[in-house]
Amino acid sequence: MRSPLGFTIAREFVSMARDPGMRRMLLAAPLLQVLVFSYAATMEVQNVKLAVINQDSGRWSRELVLRLEAAAFVDQVIHAPSTTALADLIERRQVLLAVHFQPDFSRRIEAGQSGPVQLLFDGRRANAGQIVFSYIRNIAAGLQMELAATGAGPPPAALVRHWFNPNLEYRWFLVPALVATLAMVPTMLISALGVARDRELGTFDQLVVSPVTTLDIILSKLLPAVFAGMLSGLMVFLLAIFAFRINFHGGPLTLLLLFFSQLTFVFTLSGLGLTISAACNTQQQALLGLFFLTIPMMITSGFLTPVENMPVFLQYLAELNPLKHFLVIVLGSFFKDMSAAEFFSNLWPMLLISVLSVSIAAQIVRWRVQ
């Protein structure tokens, strides 16, 4: 590319390739972050210690205790001799919860009645306790179904089936979502530091007096960020399918629409980052502006908490968040074969935000040039 635009774009890519830190961020950072997020940042609870006080000498309490001991999330079951010892185990944080069987538990089951079980949780770890409660409820429901099949015990009230993620594997949700979130980090970082770095180093004035137009400057700052975002997203996508064995239920058309959606997403983020960069004089200011933008984007995207749980005004604000729309596309592409209409309903807001952000960045860069 011998045009002024070609030389300007090549300058940006050469500058990015010569930076050892940038190379590490593009290649090593996505791999490390996928491993950290997929194994450490999980809502699943493992290696749980339980305490049991069994005042019932019947069959069914022993059966339920055996099933708890064999559960994958249980590390150890401690049999407490008394309620005082039970309270002491919870107080000293040696167990997350305690299971208390009343003396008439098995007798009530044999009589065809429900057998209540008392669960005592450590309220200092309430979130983990609620998750473990759902695990224990599933184990009890399995036993209840077997009892109903043999005619002993009441029939189960409901049978729960989880679509798209039948085993409730948290990694199935987390790793595909990283296609969007980890593509956002290098895209916004490179675009946010582009103009600010040149201004701080004094090379922006040289770029202004060179035979390039404002459009050439804007494209030269956008394209490296778009390339970095697409590369990071592609790496995480391949890791999700081949390393973590997460099924991609979409067909070839879904894959093509996903690629176009990711291109739109990273281009939108590049425009937002370039707007920050053009408005700042130093890289420190750009990083601070990037921090104040990315944290609200992550919180209102649905990656950490469901958007439906937020106040109504935040739900409307989330519609201006491109990460929220792209997360819907990515998760829908992995878990079901999304239709083109569903793609477009989340694609057009990103296209609109992209046009607005790039237009604002172009105006600020043009003002800086003049």
Side-chain angles (χ1 to χ4, degrees), residues 38-56 58-109 113-149 152-174 302-310:
S38 58
Y39 290 107
T42 175
M43 294 298 292
E44 296 177 359
V45 180
Q46 301 290 335
N47 304 318
V48 175
K49 288 183 172 61
L50 306 180
V52 171
I53 177 169
N54 190 359
Q55 296 178 327
D56 174 54
R59 169 190 174 186
W60 297 113
S61 61
R62 292 197 301 270
E63 176 67 23
L64 189 54
V65 171
L66 289 175
R67 297 194 181 201
L68 289 175
E69 291 177 342
F73 68 92
V74 175
D75 179 57
Q76 182 182 4
V77 174
I78 302 175
H79 292 269
S82 64
T83 55
T84 304
L86 202 67
D88 185 61
L89 289 172
I90 296 178
E91 184 178 349
R92 290 189 284 114
R93 300 176 68 98
Q94 292 187 1
V95 296
L96 175 62
L97 77 155
V99 184
H100 186 191
F101 292 94
Q102 299 295 329
D104 60 345
F105 177 78
S106 294
R107 187 167 62 251
R108 293 175 63 90
I109 296 295
Q113 303 174 3
S114 61
V117 179
Q118 184 181 32
L119 300 180
L120 304 173
F121 290 93
D122 185 352
R124 294 164 294 186
R125 293 177 283 175
N127 291 335
Q130 291 299 319
I131 295 172
V132 172
F133 170 70
S134 66
Y135 295 164
I136 295 178
R137 183 173 56 185
N138 290 336
I139 294 175
L143 179 60
Q144 189 178 24
M145 291 180 63
E146 295 180 14
L147 289 171
L159 177 62
V160 179
R161 179 185 177 187
H162 301 279
W163 280 14
F164 309 122
N165 192 353
N167 296 324
L168 293 180
E169 293 282 346
Y170 188 71
R171 198 171 292 123
W172 280 28
F173 165 79
L174 184 64
F303 177 69
L304 301 174
T305 56
V307 177
E308 295 79 9
N309 291 356
M310 302 177 187

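Computed from a predicted structure; not experimentally measured. Every heavy atom of this structure was used, including side-chain atoms; hydrogens, water molecules and symmetry mates were not.
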Minimum heavy-atom distance [X]-[Y], with the two atoms named:
| X | Y | answer |
| --- | --- | --- |
| Ala98 | Ile90 | CB-CD1, 4.0 Å |
| Ile139 | Ala71 | CD1-CB, 3.9 Å |
| His79 | Val65 | CE1-CG1, 3.8 Å |
| Leu89 | Ala80 | CD1-CB, 4.4 Å |

Would you compute the distance between atom CD1 of Ile109 and atom CG of Asp104 and round it to the nearest 0.5 angstrom?
10.0 Å
How long is the gap from OG on Ser106 to CD on Glu63, to the nearest 0.5 Å?
10.5 Å
Which residues share a side chain to side chain donor-acceptor pair (under 3.5 Å) with [X], sequence neighbours left out:
| X | answer |
| --- | --- |
| Gln118 | His100 |
| Asn54 | Ser61 |
| Arg93 | none |

Taking salt bridge (charged side-chain N to carboxylate O under 4.0 Å, His left out) as the cut-off, I'd like each qualifying pair that reaches into [range], sequence neighbours left out, listed once.
| range | answer |
| --- | --- |
| residues 69-81 | Lys49-Asp75 |
| residues 132-144 | none |
| residues 76-88 | Asp88-Arg92 |

Residues forming a side chain to side chain contact (heavy atoms under 4.5 Å, CB included) with [X], sequence neighbours excluded:
| X | answer |
| --- | --- |
| Phe303 | Leu174, Ala177, Leu178, Thr181, Met298, Ser301, Leu327 |
| Pro306 | Glu308, Asn309 |
| Thr84 | Ser82 |
| Val48 | Val45, Leu50, Phe73, Leu96, Leu97, Val132 |

side-chain contact (heavy atoms from CB on, under 4.5 Å) with Ile136: of Val117, Leu68, Leu64, only one passes, and it is Leu68
Applying side-chain contact (heavy atoms from CB on, under 4.5 Å), run through Val99 and Leu119 and close with a yes or a no.
CA-CA 5 Å; Val99 184; Leu119 300 180; 3.7 Å; yes
